[in-house]
Amino acid sequence: MSENVVRLHKAPDGPAVRPVPLWVRSGRAVKQAVTHERTRSAGRAVARHSLYTFNGGRIVARRAWDGRTGARYERMIRAAEAAGNLEAAEEWEERLSRFRAARHHRRMDLLQSPVDAAKGVAVGAGMSVGVLVALGVVMAISTGQVADVVTPLSATIDFIALLIRIVQIVWGPAVTIGPFLALLALWSVGRRQQAAPQWALPANVRSGEGEPITPSIIVKALRDLGIPALRNAIKEMGDAGASMLGPITIAGCGVEVDVTLPSGVSTIEVQNRRRKLAENLTRHEHEVFITIPQAARTVRLWIADSGALDEPIGPSPLVTDETLTADYAKGKAPWGQDLRGDAAALSLYQRHLLITGLSNQGKTAALRALALWLALDRTVEFRIADLKGAGDWAMFDGLATVLIQGPTDDHVVEATEMIEDGVAEMERRLQAPPGTAFPPLILLVDEAQVAFMCPLVDADKRPYGGSKATSRYFMAARKIHNQGRAVNVLLWQGTQDPTDQNLPKLVREGAHTRASLALGTESQARMALGDKAVDGGAAPNLLRPGLDKGTVVVASDGIAIPAGQSSITVRTHYIDTDTATEVAERAKRMRDGVTTLRVIDRGEDRDPLADIHSVFGESPRLVTQDVLKRLTALNEDAYGRWTFADLRRVLDGTGAEPYKSDGRMVVARERLTRALANRDTDGSASAS
């Protein structure tokens, strides 16, 4: 019976067990043997050493061909012409002419050399025989034996016979061993050049961890990018592609080099193969940055030292230097370090700011670091709306004149009215006499996407969110973007995942400084930074979420960007909440004291309209700011956190709304008296 017949066997204490067929067991054994690590290692070793020998032969053959022909000079001429260096091309052409002339003379000498060699052999042989005979005559005279005349000649013949015998003995083994020695020499050449594919090389060679960047490594990485025109051009260059490279310079925690691409290769082709280029350079994708300098057909490569970007940068000067102060107009905020390791400082003067990024990537910390520096300029006023409400901006209580913290729709209403009050202040300043100096006013909204996506509408059916012409937040932001910088009224916004829904096009394009942390897609990167920056190499979508926290790609004229580039990558200093509180306390000590207004406490059992009327005294009208101050003095618990928006909400619809007089928002006592009388006549309930 066949061995492959399957029988059922019953275990002593169990059911029948069907054994595994022999052919299945054999297949598994074969598969295990083929896929075993030892088998694969042996296969790689065989392929590696075979290719060492084969490619070593190619290298030796090419060297011999270059030494015997003018191929090397011709490649150099083509490389110089491709680079547009006509002087170098002419110089190499002259060298080629001299080489060909010298080779012609050698060949002509070879035609005459057999005759000269024959004559030389004849003359030499005759002279040698004559010398040997003369030596024999001297010996014969000395010994008195005539036979000694031929002794030197016979000894020479015997020596020649011995040499022939030695050659006969050695020739056989030499013929047998010679090919093996030649193969060993070729293998040695291939091994020194690592002339084998990456997959076949040993693990310690394949990793290349920490391998220094050299011209040959860069050229080889470019050659293996999979761009046929680039590969063929490098092969035709006599210097193996070295003429494409500029100087390799140390740049921070890496090196930088400009690569002039040959004709027929576009910069976008290299940019689109960033990951493959990084792997060819034995680096991770995030450790290689490709930008486009001013020179035509050129890409600038910045290649980090392996693992260097995972090391933290030093602390912020805001933390280490307690004497540091800020200057809004002339100073720059110490934000972090660029990839070269140089300090990256950002000018905030008359620049609207937008910073975006995925959640939990350090957006608030990066934005807060700028605000903390600017808070050290005592002339700057902050009005802040934190629509996350997690306490990230709590240290600005006592620094900001308005501080809104919370994620609800009511907080969005407050933030919207804060921005609208900023618009009113901007319009007042724009109507001031020419030459009037205005202190900086920073309107800061963190998590601005909450405002844009708010579904609420007001009493006039105008939405707070959205991107239509009726949207209150959108239109207020647009007005400040249009004219605010001229009178130092600036809008800073931080938002997540930029899309057309949570960050309208007109608002994001109104920011002078645009920065982005890690994003998910290229389309989001274009929304965050603009097409020009992304086309120039900016790629926040290639930053690693969670690993590159605090790393921002910045497009702004307020920061030093290398010539020819449209953006710069900055690793920002991280200032934690406790340390930020300490910096904020230093800023508070520089000021005379700031009363921070918050949202109204709606649980207070008071009559706000009557209280507003009562603070007027005999004054016919008061500036809204004075009204708020007098209300705080009347009852700090009830009105100490009021904002301008709270005041206007109470007065809206009463006929006593604030109005503009001489460029300032005021409230009239007469209108308040009339509003109270009308309310009491109608029996309206007191506002709460």
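Just so it is clear, the values below take in all heavy atoms, side chains as well, and ignore hydrogens, waters and symmetry mates.
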Quiz item: Which heavy atom of L490 sits nearest a heavy atom of L348, and at what distance?
Solution: CD1-O, 3.7 Å
Quiz item: Is there a donor in the side chain of T521 and an acceptor in the side chain of N541, or the other way round, less than 3.5 Å apart?
Solution: no
Exercise. Could you verify whether a donor N or O on one side chain and an acceptor N or O on the other, from T408 and D410, lie under 3.5 Å apart?
Key: no
Practice problem: Report the relative orientation of the aromatic rings in H352 and H512; use parallel for angles under 30°, tilted for 30 to 60°, perpendicular for over 60°. | Solution: parallel
Quiz prompt | Evaluation steps, side-chain hydrogen bond (donor to acceptor under 3.5 Å, both in side chains), between N488 and Y328 | solution = CA-CA 10 Å; N488 290 328; Y328 163 74; 2.9 Å; yes
Practice problem: For the pair T249 and E256, evaluate side-chain hydrogen bond (donor to acceptor under 3.5 Å, both in side chains) and give the outcome as yes or no after the intermediate values. | Solution: CA-CA 5 Å; T249 58; E256 189 174 72; 4.7 Å; no
Quiz item: Can you check side-chain hydrogen bond (donor to acceptor under 3.5 Å, both in side chains) on Q449 and E447, steps first, answer last?
Solution: CA-CA 5 Å; Q449 76 279 357; E447 305 295 343; 2.7 Å; yes
Quiz item: Is a salt bridge present between E414 and R649, judged by a nitrogen-to-oxygen distance below 4.0 Å?
Solution: yes
Quiz item: Below 4.0 angstrom, N of the basic side chain to O of the carboxylate: do R648 and E420 qualify?
Solution: yes
Exercise. May I ask you to decide whether D548 forms a salt bridge with R571, counting only side-chain N to carboxylate O separations under 4.0 Å?
Key: no
Exercise. Test side-chain hydrogen bond (donor to acceptor under 3.5 Å, both in side chains) on Y464 and D458 and set out the steps.
Key: CA-CA 7 Å; Y464 286 93; D458 63 11; 5.0 Å; no
Exercise. Please work out whether the ring planes of F396 and W393 are parallel, tilted or perpendicular, with thresholds of 30° and 60°.
Key: tilted
Self-check item: Geometric cation-pi criterion, R621 with F616: 6.0 Å, 45°
Solution: no
Exercise. Apply the test side chain to side chain contact (heavy atoms under 4.5 Å, CB included) to residues I480 and L443: give CA-CA distance (whole Å), side-chain angles for both, the deciding distance (0.1 Å), then the verdict.
Key: CA-CA 10 Å; I480 293 176; L443 304 169; 3.3 Å; yes
Quiz item: Within the side chain of T416, is there an N or O that forms a donor-acceptor pair under 3.5 Å with the backbone of V412?
Solution: yes
